[in-house]
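Written below as structure tokens is the structure these notes are about.
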Amino acid sequence: MEPTVRTATPDDVEAIAAIYDDQVRHSVATFDLEPPDPQTWQEKVAARGTGHHVLVCEIDDAVRGFAYATTYRPRLGYDRTREVSVYLAGDARGRGVGRALYDELLGRLRTDGVHTVLAVVAQPNEASEALHRACGFERTGVLPEVGRKQGRWVDVAFWALVLDGD
Ligand SMILES: CC(C)(COP(=O)(O)OP(=O)(O)OC[C@H]1O[C@@H](n2cnc3c(N)ncnc32)[C@H](O)[C@@H]1OP(=O)(O)O)[C@@H](O)C(=O)NCCC(=O)NCCS
């Protein structure tokens, strides 16, 4: 069945948490060191509105990935910038699901009047960098050794996409 992208609902939180927690435990894609309280995801899902979206992708009626947009920094001058993140279950990778989630998410952010979208990619992550490049993001720089996980210092690359609009 074709992957379907839709807005996340409270019923999706368990699946979202399972996908995310696996990355917390086994990768540096996120700098969380412990799985967050599921309430964190409930709040993100409930907080949806202009410039704040949590989307899931279903394959064969099961949530296999999600993407979301959050505030970049709380100060008001940053209000038309958003940071995006995307996580898929292992068996959903490499078949266009990340792209489908981002196409929908970026479309919604454009409609919302968001001007710039940022992604922060812990190094190395070839798949994530390829996805962001494919979606039109540009790699704007690397912050050296700002994260520590799995017993090593980790660089992060910033990727930016300026959407249409003033
Ligand atoms: C990163 C991730 C979201 C990418 O999603 P995906 O569904 O696998 O990517 P897609 O199949 O949509 O591919 C998008 C583009 O990336 C390329 N790509 C995907 N996986 C790749 C890989 N492992 N190596 C090189 N290129 C890759 C595809 O060829 C495609 O490029 P194209 O449009 O020019 O052909 C997914 O691999 C994932 O969830 N990884 C673990 C969590 C993670 O790292 N999240 C990102 C945190 S910053």
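Excluded from the calculations below are hydrogen atoms, water molecules and symmetry mates; all remaining heavy atoms, backbone and side chain alike, are included. When a ligand or atom number is given, it counts from 1 through the structure's own listing order. All values derive from a computational prediction rather than experimental measurement.
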Self-check item: Option of least heavy-atom distance to atom 3 (C) of ligand 1 (set: Val28, Thr30, Val121, Val86)
Solution: Val86

Quiz item: Can you list the ligand 1 atoms lying under 4.0 Å from a non-hydrogen atom of Tyr87?
Solution: 39 (O), 42 (C), 45 (N)

Quiz item: Do you see a donor-acceptor pair shorter than 3.5 Å between the side chains of Arg108 and Thr7?
Solution: yes

Quiz item: Can you tell me the protein heavy atom closest to atom 11 (O) of ligand 1 and the distance?
Solution: Gly96 N, 2.8 Å

Self-check item: Side chain, backbone, both or neither: the part of Gln23 lying under 4.0 Å from ligand 1 by heavy atom
Solution: side chain

Quiz item: From atom 35 (O) of ligand 1, is the closest protein heavy-atom distance below 4.0 Å?
Solution: no

Quiz prompt | Under-4.0 Å protein heavy-atom contact, atom 48 (S) of ligand 1 | solution = yes

Quiz item: Ion pair present between Glu129 and Arg133, side-chain N to carboxylate O less than 4.0 angstrom?
Solution: no

Quiz item: Closest non-hydrogen protein atom to atom 23 (N) of ligand 1, residue and atom name please, with distance?
Solution: Ala127 CB, 3.5 Å

Quiz prompt | Per-atom contacts of ligand 1 with Val97, taking only distances under 4.0 Å to non-hydrogen atoms | solution = 7 (O), 12 (O)

Exercise. Might you check, step by step, whether the distance between atom 29 (O) of ligand 1 and some protein heavy atom is under 4.0 Å?
Key: no

Quiz item: By the rule that ILVMFWY residues connect when side-chain heavy atoms come within less than 4.5 angstrom, directly or transitively, which residues belong alongside Val28?
Solution: Phe31, Tyr72, Tyr78, Leu118, Val120, Leu143, Val146, Val154, Val156, Phe158

Quiz item: Which atoms of ligand 1 sit under 4.0 Å from any heavy atom of Ser128?
Solution: 1 (C), 46 (C), 48 (S)

Exercise. Before signing off on this row, confirm whether Arg95 and ligand 1 have an N or O atom pair separated by under 3.5 Å.
Key: yes

Exercise. Scan Val45, Asp12, Asp11 and name whichever one has a side chain to side chain contact (heavy atoms under 4.5 Å, CB included) with Val56.
Key: Asp12

Quiz item: Taking both backbone and side-chain atoms of Ala134, is any N or O found less than 3.5 Å from an N or O belonging to ligand 1?
Solution: no

Self-check item: Under 3.5 Å: N/O of Gly98 near N/O of ligand 1
Solution: yes

Quiz prompt | Under 4.0 Å to a heavy atom of Ala29 - the qualifying atoms of ligand 1, by number | solution = 43 (C), 44 (O)

Self-check item: Under 3.5 Å side-chain donor-acceptor pair for Asp112 and His52
Solution: no

Exercise. Could you tell me whether Arg99 and ligand 1 have an N or O pair separated by under 3.5 Å?
Key: yes

Quiz prompt | Leu88 N/O to ligand 1 N/O under 3.5 Å | solution = yes

Quiz item: Do Arg99 and Asp103 meet the salt-bridge criterion of a basic N to acidic O distance under 4.0 Å?
Solution: yes

Quiz item: Which value, rounded to the nearest 0.5 Å, describes the distance between Thr4 atom OG1 and Glu104 atom CD?
Solution: 11.5 Å

Quiz item: Taking non-hydrogen atoms only, is Ala130 closer than 4.0 angstrom to ligand 1 via side chain, backbone, both or neither?
Solution: both

Quiz item: Within the distance-only criterion (no hydrogens, no angle test), does the side chain of Lys149 pair as donor or acceptor with the backbone N or O of Thr30 below 3.5 angstrom?
Solution: yes

Quiz item: Without hydrogens or angle criteria, can the side chains of Glu138 and Trp159 be said to hold a donor-acceptor pair below 3.5 Å?
Solution: no

Self-check item: Residue, atom name and distance, where the atom is the protein heavy atom closest to atom 25 (C) of ligand 1
Solution: Glu126 OE2, 3.7 Å

Exercise. Could you pull out all residues at least two apart from Glu2 that satisfy side-chain contact (heavy atoms from CB on, under 4.5 Å)?
Key: none

Quiz item: Any idea which part of Asn125 is under 4.0 Å from ligand 1, heavy-atom wise: side chain, backbone, both or neither?
Solution: side chain

Practice problem: Go through Tyr102 and His132 one step at a time and tell me if the ring pair (Phe, Tyr, Trp, His ring centres under 6.0 Å) criterion holds. | Solution: CA-CA 9 Å; Tyr102 261 18; His132 288 93; 5.0 Å; yes

Exercise. May I ask you to identify the nearest protein heavy atom to atom 14 (C) of ligand 1, giving residue, atom name and distance to one decimal place in Å?
Key: Leu131 CD1, 3.8 Å

Quiz item: Would you say Phe66 and Ile19 make side-chain contact, with heavy atoms under 4.5 Å?
Solution: yes

Quiz item: Taking distance alone, with no angle check, do Gly94 and ligand 1 share an N/O pair under 3.5 Å?
Solution: yes

Practice problem: Answer yes or no: is there an ion pair linking Glu58 with Arg6, defined by an N-O contact shorter than 4.0 Å? | Solution: yes

